[in-house]
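Structure first, then comments.
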Amino acid sequence: MNYSELRKEMVETQLIPRGISDKRVLEAFLNVPRHAFVPDKEKENAYNDFPLPIGNAQTISQPYIVALMTESLGLSGTEKVLEIGTGSGYQTAILAEIVKEVYSIERIPALAEKAERLLKELGYLNIHIISTDGTLGWEEKAPFDRIIITAASSQIPEPLIKQLKDNGKLILPLGTSLSQILTLVEKKKESIETLQICGCTFVPLIGKYGITTQ
Ligand code: SAH
């Protein structure tokens, strides 16, 4: 299989026609080998237009959603980004292609270790991963220019707002465990502004400031 051809096709048929236009984002999608982040039996589907299972009952998001979240963060390349929900590490790699440093937190140790090993193998030197409850953030490395949460939450975790720089942006799927709205949060002095982007479905953010069962 010619994976680089499949990547090009993914960008041309799934991302550009739906409005993804940031050159840095499109370039990252052409570079990152998505097939390396999925289980062997899913490799042939790696560049298709849907999410895939990655083990431990978790999923790697549909390419378009990864692109939309990344583009919405308005990245210039100099940022320090915090990611909650490393999962396979695919979104982490996309971010690492674009920004200066990526700090990523995954609550399931087996997934964190697997992603860390793979990202090292692929040569990324600007990714730092720990396994703990990401809703508490990463105090020692704060403040962050951008924060991305790749699991569904019914609240914007308070510690993460605190750890975001003024004029910083945070994106998350906000809603119930069944359905959410991709929401962009901007911190302005002591207040926040929110922008609803589109409907989406993610696995739950399980933690102290994550999803609450309704
Ligand atoms: N961005 C990932 C997809 C992640 S799926 C990718 O590209 O593959 C969501 C991930 O969030 C899962 O791996 C889940 O274990 C993790 N997660 C859920 N609650 C969490 C929490 N409180 N802290 C850190 N990670 C969490």
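Order of listing sets the numbers, starting from 1, for every ligand and every atom in it.
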Side-chain touch Tyr47/Glu9, heavy atoms, less than 4.5 angstrom: no
Flag this pair as yes if the NZ/CZ of Arg34 is under 6.0 angstrom from the six-membered ring centre of Tyr90 and inside a 45 degree cone about the axis; otherwise no. yes
Going by salt bridge (Lys or Arg N to Asp or Glu O under 4.0 Å), name the residues that satisfy it together with Glu44, two or more places apart in sequence or in a different chain. none
Would you mind writing out a table of all protein N or O atoms found under 3.5 Å from any N or O atom of ligand 1, naming both atoms and giving the distance to 0.1 Å?
residue, atom, partner, partner atom, Å
ligand 1, 1 (N), Gly85, O, 3.4
ligand 1, 1 (N), Thr150, OG1, 3.2
ligand 1, 7 (O), Gln91, N, 3.3
ligand 1, 8 (O), Ser88, N, 3.1
ligand 1, 8 (O), Ser88, OG, 2.6
ligand 1, 13 (O), Glu106, OE1, 2.7
ligand 1, 13 (O), Glu106, OE2, 3.3
ligand 1, 15 (O), Glu106, OE2, 2.6
ligand 1, 19 (N), Ile206, N, 2.9
ligand 1, 22 (N), Asp133, OD1, 3.0
ligand 1, 22 (N), Ile206, O, 2.8
ligand 1, 23 (N), Gly134, N, 2.8
ligand 1, 25 (N), Arg107, N, 3.1

In terms of the angle between their ring planes, are Tyr3 and His35 parallel, tilted or perpendicular, with boundaries placed at 30° and 60°? parallel
Mind checking ring-ring contact (aromatic ring centres under 6.0 Å, His included) for Phe202 and listing every partner two or more places apart, or none if nothing turns up? none
Side-chain atoms of residues 54-67: list all donor-acceptor pairs with protein atoms under 3.5 Å, sequence neighbours left out, distances to 0.1 Å.
residue, atom, partner, partner atom, Å
Gln58, NE2, Asn56, O, 3.2
Gln62, NE2, Asp49, OD1, 3.0

